[in-house]
There are 2 protein chains.
Amino acid sequence: MGKNIYVGVDVGGTKILATVYKLDDNYKLLGKAKLKTPYGASNDEVIKQVEAAVNQSIEASNVKLKKISAIGIGVPGTTDIFKGHVQFAANLGWKDLPLKTILEKSFSRPVFVDNDVNLGILGEQQFGVAKNVDNVVGVFWGTGIGGGIIIHGKPVYGNTFTAGEIGHLILEKDGQTCGCGNQGCLETFSAKWAISQAIDEAIQKGQTSTIKPASDGKKSPVLKSKVIKQGYDSDDALVKQIMQRAVDYLGLALANVVNLLNPQMIVLGGGMIEAMEDVLMPKITEAVNKHTIPFASVDIKPAILGDYAVVLGAAGFAKLQLQRF
Amino acid sequence: MGKNIYVGVDVGGTKILATVYKLDDNYKLLGKAKLKTPYGASNDEVIKQVEAAVNQSIEASNVKLKKISAIGIGVPGTTDIFKGHVQFAANLGWKDLPLKTILEKSFSRPVFVDNDVNLGILGEQQFGVAKNVDNVVGVFWGTGIGGGIIIHGKPVYGNTFTAGEIGHLILEKDGQTCGCGNQGCLETFSAKWAISQAIDEAIQKGQTSTIKPASDGKKSPVLKSKVIKQGYDSDDALVKQIMQRAVDYLGLALANVVNLLNPQMIVLGGGMIEAMEDVLMPKITEAVNKHTIPFASVDIKPAILGDYAVVLGAAGFAKLQLQRF
């Protein structure tokens, strides 16, 4: 184990955050670096940028590379955690990429790779709001809705590494078509892409709103969380109505999670929660309680690690995986 | 551990099955007894009958009581497995009953109590179709629809012992009211009580069917699985239509389980599957595959232990619990 120093990396679609942590019962940030993810670049270029971020974070920490116990990497995609292969990461254009093998060659340190959402909830469970809670479900509400599940103290990966897709729980049998190909998924009601689309469509049909419509004929981009918050705070009837529907269906999906798994805690994070925590947390809790079966109870808490949940989870994951050998 | 001899009991609403097993990697039935559950009786009378069944099974096995390592009991209700308290069992009229304490006094052997559906899937996972599968979900389709979940090789009980309620996954936000108080649960589409009710209502409204209507004004009782099978086999259009709907929603619910947990296997048991396995298994598999997310895959198998799943699970549970101390 050496000095219990781990690198945790969050490879996002727009930025790469690399960190160096000393991990005991608690955590201490020793160094960090944030670089842009090169847009539309080749696999090699993105990997070079990940390596640069890791190297810069290690330099900033004043720790020698050989003192690093292991490196954990979070990627926005489906990952075979045993092989460290990224099976599919749409935002990075990666498909069946042997990231562990590549980075272990570069750094001569053990590397472990997992999905970023799994690592986000693992971070909260190891060092954040769900510390030492053995059965916990994490939901990250942003452009999409991601989820991660920890049961009996260990992440649930699933048979083909696809577990945790709370955003793709189907809540209306013949509902709106989702990006995943199914119909009526939670995301079609509540993801920021769906909220933005619903607001846009209503405006195009002539409803008034504080939100500016997209220019003629164009599809509006996904709204920023703070723009939705401003609309909500200024009593924009359209925004309030569409947000209420989003919350109702998120509550329904989480109630299904409770009816199935009865976890001790649900942790809610992501851009929407960060922007509107005060408004959303009580409303979501009410919506969940409305649909849970008798005798089931669950604690619903906001995430507390913010942008550092994934990197802490990645560093902690590297530590856990190292201890298995 | 002694000789690895365990008693497994299934306390049902109509019958009590008690068994004595020698459990190694495999299982050997040494004795059994089946008694009726006294109807509308007091707690004490039902418990006396459970004790009688256990005693008779032990006598039949020619094993001395003191050679029994432990006793496992499956009950149709919510159970605190740590205390061995039955919190609520509607069919038996039990509420907060300290069954473990009572039976340990009677037998002077360690007693462990769990929900019967949890034990049914544990039986299949220890000795049946899901032997050695670490992540498996069991669904028992009968009058109601029960479920049990095993993750990382261990049953999932949940924070307040209510995990596994697949029958109460909500599939239609403002759907039909369910016995649990919520609306649009899987059971309202697919449980035998709902199928029977839907057939009855259609007949009362004048639709023709091979199934005999309930006498005037009365609500029909829950149909026997073999009556539904006969209707189906004789091309009864009403039965076929209502069964197709039941299968579609069961498939949708199981797809949600796959999208959330991505288990290696789903085991299907219960009266409906036992009566119509050939017809139902391919239809359910098709319905599940229609709604699962890309890259998720799961094996869907019929249960193989039938009436012995719960008693084997109960005996195996007693063994597992004993090993924890």
Side-chain angles (χ1 to χ4, degrees), chain A residues 78 87-88 133-137 147 149-173 178 180-186 189 245 248-249 251-253 255-265 290-299, chain B residues 78 87-88 133-137 147 149-173 178 180-186 189 245 248-249 251-253 255-265 290-299:
Chain A
T78 310
Q87 295 174 332
F88 183 64
V133 177
D134 268 358
N135 296 294
V136 54
V137 173
I149 300 171
I150 292 173
I151 290 184
H152 302 318
K154 291 193 291 187
V156 177
Y157 294 109
N159 187 34
T160 46
F161 303 101
T162 66
E165 288 290 1
I166 289 163
H168 300 285
L169 287 177
I170 297 169
L171 302 175
E172 190 175 293
K173 189 162 166 285
C178 182
C180 75
N182 285 324
Q183 290 176 269
C185 295
L186 168 60
F189 299 100
R245 191 175 95 124
D248 285 346
Y249 278 90
L252 186 61
N256 278 342
V257 170
V258 172
N259 293 346
L260 196 64
L261 296 175
N262 187 207
Q264 199 175 332
M265 192 183 286
K290 191 176 159 192
H291 297 292
T292 46
I293 52 170
F295 305 110
S297 88
V298 66
D299 222 3
Chain B
T78 311
Q87 295 174 332
F88 183 64
V133 177
D134 269 356
N135 296 293
V136 55
V137 173
I149 300 171
I150 292 173
I151 290 184
H152 301 318
K154 292 193 289 186
V156 177
Y157 295 109
N159 187 34
T160 48
F161 304 101
T162 66
E165 287 290 2
I166 289 163
H168 299 286
L169 286 178
I170 297 169
L171 303 176
E172 190 175 293
K173 190 161 165 287
C178 181
C180 76
N182 285 325
Q183 290 176 268
C185 294
L186 169 61
F189 299 101
R245 192 175 93 124
D248 285 345
Y249 278 90
L252 186 61
N256 277 342
V257 170
V258 172
N259 293 347
L260 197 63
L261 297 174
N262 187 208
Q264 198 173 333
M265 192 184 286
K290 192 176 159 192
H291 297 292
T292 45
I293 52 170
F295 306 111
S297 88
V298 66
D299 222 3

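Note on naming: letters A, B, ... go to the chains in the order of the sequence lines (proteins, then strands), and numbering restarts at 1 for each one. Everything numeric here is computed off the predicted structure, so don't read it as measured data.
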Heavy-atom contact with chain A under 4.5 Å, split by part of [X]:
| X | answer |
| --- | --- |
| Ile149(B) | side chain |
| Leu252(B) | side chain |
| Asn135(B) | neither |
| Thr78(B) | neither |
| Phe88(B) | side chain |

At what distance, to the nearest 0.5 angstrom, does CZ of Phe189(A) lie from NZ of Lys173(B)?
9.0 Å

Most chain B-contacting option - heavy-atom pairs closer than 4.5 Å, from [options]:
| options | value |
| --- | --- |
| Cys178(A), Gly184(A), Gly158(A) | Gly158(A) |
| Glu172(A), Lys154(A), Lys290(A) | Lys154(A) |
| Gln183(A), His168(A), His291(A) | His291(A) |
| Leu169(A), Leu260(A), Thr292(A) | Leu260(A) |
| Asn259(A), Val298(A), Asp299(A) | Asn259(A) |
| Ile170(A), Ile151(A), Leu261(A) | Ile170(A) |

For a quick test of reading the model, state the closest non-hydrogen atom pair linking [X] to [Y] and the distance between them.
| X | Y | result |
| --- | --- | --- |
| Cys185(B) | Cys180(B) | SG-SG, 3.6 Å |
| Ile166(B) | Gly147(B) | CD1-CA, 4.0 Å |
| Thr160(B) | Ala296(A) | OG1-CA, 3.4 Å |
| Leu186(A) | Ala253(A) | CD2-CB, 3.6 Å |

Within a strict 4.5 Å, meaning less than it, do heavy atoms of the Gln87(A) and Phe161(A) side chains meet?
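Touching, per the 4.5 Å side-chain cut-off.
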
So, do Asn262(B) and Ile293(B) sit near enough that their side-chain heavy atoms are less than 4.5 Å apart?
no

Within the distance-only criterion (no hydrogens, no angle test), does the side chain of Asn159(A) pair as donor or acceptor with the backbone N or O of Met265(B) below 3.5 angstrom?
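Side chain of Asn159(A) to backbone of Met265(B): no pair is present.
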
